[in-house]
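What follows is a single structure, and I will ask about it in a moment.
FYI, side chains are in, hydrogens and waters are out, and symmetry mates aren't considered; it's all heavy atoms of this structure. From a predicted model like this one, the values you see are computed outputs, not experimental measurements.
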Amino acid sequence: MESKNTNMADQFVSRRRERAIIVGSTLLVLAALTIAGLYVSNMARSQDLILQDMTGMEENLTEEFSLAAEEETDDIEDVDSSTVENPGRTGSSGTVSSSGSKSSASTQQITSTLQTTDEITADGIAEGELMEETLTDEMLAETVEEMMYSFTGSDMIWPIAEEYEVLIPYSMDSAVYFTTLDQYKYSPAMVLSAEVGTPVYAVSAGKVISRYWNEETGWTYEMDLGGGFTAYYGQLDISSMEKAEDTYVVAGDLLGYVAEPTKYYSLEGSNLYFAMEKDGTPVYPLDYLGQE
């Protein structure tokens, strides 16, 4: 009987121990889950705070950039409206004239501002190109004027680069024969054979005095070479004569192309009429061009 009571007591203690173990395990699991839940919740809250901070920073930066862009645009519009009436055209101070004679500091400032902000308008580009072209023309004019001032008739090039024949030579000492006219007379120029369309080049630096029509020499350029020298290029095609009066040229610049001959040279054929003068008196071109 005593042994039976002992077994029952042992079983009771064993069951109590098992229940304690189960309860303890359950509590440990619940505690672990609770801690894990708190950790995850804290992490999620931290991420939300980080995202909110980043979103706020992005919105602030966007707002600051927008304000800065608006202020810069307003500054450009204020400068443009207050200093330029019509960029790149005549009619207002601070612009470049169509003749290319002036460029102001305000125009340069506006062009620089537009280039800095990558907001170059069509007028701005045209104005920049015109200013660059004006500087080039001024530099060319100064260079040619200096060359003309010191010109002595040396270092000249030939007006045509292709093969030629002297149809009528220069002659002011004795009369020479003109085939078409069937007569002898003085010749103040060299008449060089050249096919229609042959390019004609400036023999030296100079300035166009005039571009005119002459019954004998056809369309002709009169060119001031400096030092009292003048050159004449005749029998040219008017459609190719793009150099206007007061235009500066350098040696080798294309002046135009040979045209059909006038009636005074119909038998000689197409040609280039080339003459030179010194202080208004005809001179022998080969004294300056050299013999080829």
Test side-chain contact (heavy atoms from CB on, under 4.5 Å), reference Leu167, set Pro261, Ser193, Ser270, output is Ser193
Do Tyr177 and Asp182 get their side chains close enough for a donor-acceptor pair, meaning under 3.5 Å?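 Yes, side-chain donor-acceptor contact under 3.5 Å.
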Could you pull out the closest heavy-atom pair between Met276 and Leu225, with the gap in Å?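 That would be CE-CD1, 4.4 Å.
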Kindly state whether the ring of Tyr233 and the ring of Tyr273 have centres lying under 6.0 angstrom apart. no
Do side-chain atoms of Ser187 reach the backbone of Pro169 as a donor and acceptor pair under 3.5 angstrom? yes
May I ask you to check whether Phe229 and Phe151 place their ring centers less than 6.0 Å from one another? yes
Do you reckon Tyr170 sits in the same ILVMFWY cluster as Phe274, going by side-chain contacts under 4.5 Å, direct or chained?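 The answer is yes; both residues are in one hydrophobic cluster.
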Consider only side-chain heavy atoms of I, L, V, M, F, W and Y, link residues closer than 4.5 Å, and tell whether Met172 and Val166 are in one cluster. yes
Let's go through Tyr264 and Leu181 carefully: what are the C-alpha distance in whole Å and the side-chain angles of both, what is the deciding distance for side-chain contact (heavy atoms from CB on, under 4.5 Å) to 0.1 Å, and is it a yes or a no? CA-CA 7 Å; Tyr264 288 83; Leu181 299 178; 3.7 Å; yes
Shortest non-hydrogen contact from Ile209 toward Met223: CD1-C, 4.1 Å
Measuring from Thr179:OG1 to Glu268:CD, what's the distance to the nearest 0.5 Å?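 Reported value, rounded in 0.5 Å steps: 4.5 Å.
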Got a second to check how far Met190's CE is from Tyr284's OH, nearest 0.5 Å?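 Nearest 0.5 Å value for the CE-OH distance: 6.0 Å.
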If you take all heavy atoms of Gly234 and Thr220, which pair is closest and at what distance? CA-OG1, 3.6 Å
For Lys185 and Glu216, work out which heavy atoms get closest and say how close. NZ-OE2, 3.7 Å
Within the 4.5 Å heavy-atom criterion, are Val208 and Leu255 side-chain neighbours or not? no
Quick one: closest heavy-atom pair of Ile157 and Gly252, and the distance? CD1-N, 3.4 Å
Please confirm whether the ring centroid of Trp158 lies under 6.0 Å from the ring centroid of Tyr201.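 No - the distance between ring centres of Trp158 and Tyr201 does not fall below the 6.0 Å cut-off.
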With the side chain counted from C-beta on, respond yes when Ile160 and Val200 share a heavy-atom pair under 4.5 Å apart, and no when they do not.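 The answer is yes; the side chains approach within 4.5 Å.
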If I take atom CZ from residue Arg211 and atom OG1 from residue Thr247, how far apart are they, to the nearest 0.5 angstrom?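 Answer rounded to 0.5 Å: 8.5 Å.
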Any side-chain donor near an acceptor of the partner, Gln235 and Thr217, under 3.5 Å: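 There is no such pair between these side chains.
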Report the C-alpha separation of Trp219 and Met241 in whole Å, then their side-chain angles, then the decisive distance to 0.1 Å, and conclude whether the side-chain contact (heavy atoms from CB on, under 4.5 Å) test is met. CA-CA 9 Å; Trp219 281 104; Met241 300 173 69; 3.6 Å; yes
Starting from Leu272, can I reach Trp213 by hopping between I/L/V/M/F/W/Y residues whose side chains sit under 4.5 Å apart?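 Linked, Trp213 and Leu272 end up in one cluster.
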Considering all heavy atoms of both residues, which atom of Met156 and which atom of Ser204 are nearest to each other, and what is their separation?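 Minimum heavy-atom contact is CG-CB, 4.2 Å.
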Common cluster, Tyr186/Val283, ILVMFWY with side-chain heavy-atom separation under 4.5 Å: yes
Grouping I, L, V, M, F, W and Y whenever their side-chain heavy atoms are under 4.5 Å apart, do Leu254 and Tyr164 come out in a common cluster? no
Quiz item: cation-pi between Lys243 and Tyr221, 6.0 Å / 45°: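 Output no; distance or angle outside limits.
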Checking side-chain polar atoms at under 3.5 Å, does Ser210 have a donor or acceptor matched by the opposite partner on Glu222?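 Indeed, the side chains of Ser210 and Glu222 share at least one donor-acceptor pair under 3.5 Å.
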Count the heavy atoms belonging to other residues, nucleotides or ligands that lie under 6.0 Å from CD of Gln183, then report whether that count exceeds 12. yes
Value rounded to 0.5 Å, distance of CD1 in Ile238 from OH in Tyr257: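 OH of Tyr257 is found 14.5 Å from CD1 of Ile238.
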Step by step, would you call Lys263 with Glu215 a salt bridge (Lys or Arg N to Asp or Glu O under 4.0 Å)? CA-CA 8 Å; Lys263 62 182 181 180; Glu215 186 177 9; 3.3 Å; yes
Would Ser239 and Asp237 count as having a side-chain donor-acceptor pair, cut-off 3.5 Å?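 The answer is yes; a qualifying pair exists.
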Donor-acceptor contact below 3.5 Å, side chain Asn271 vs main chain Gly269: yes
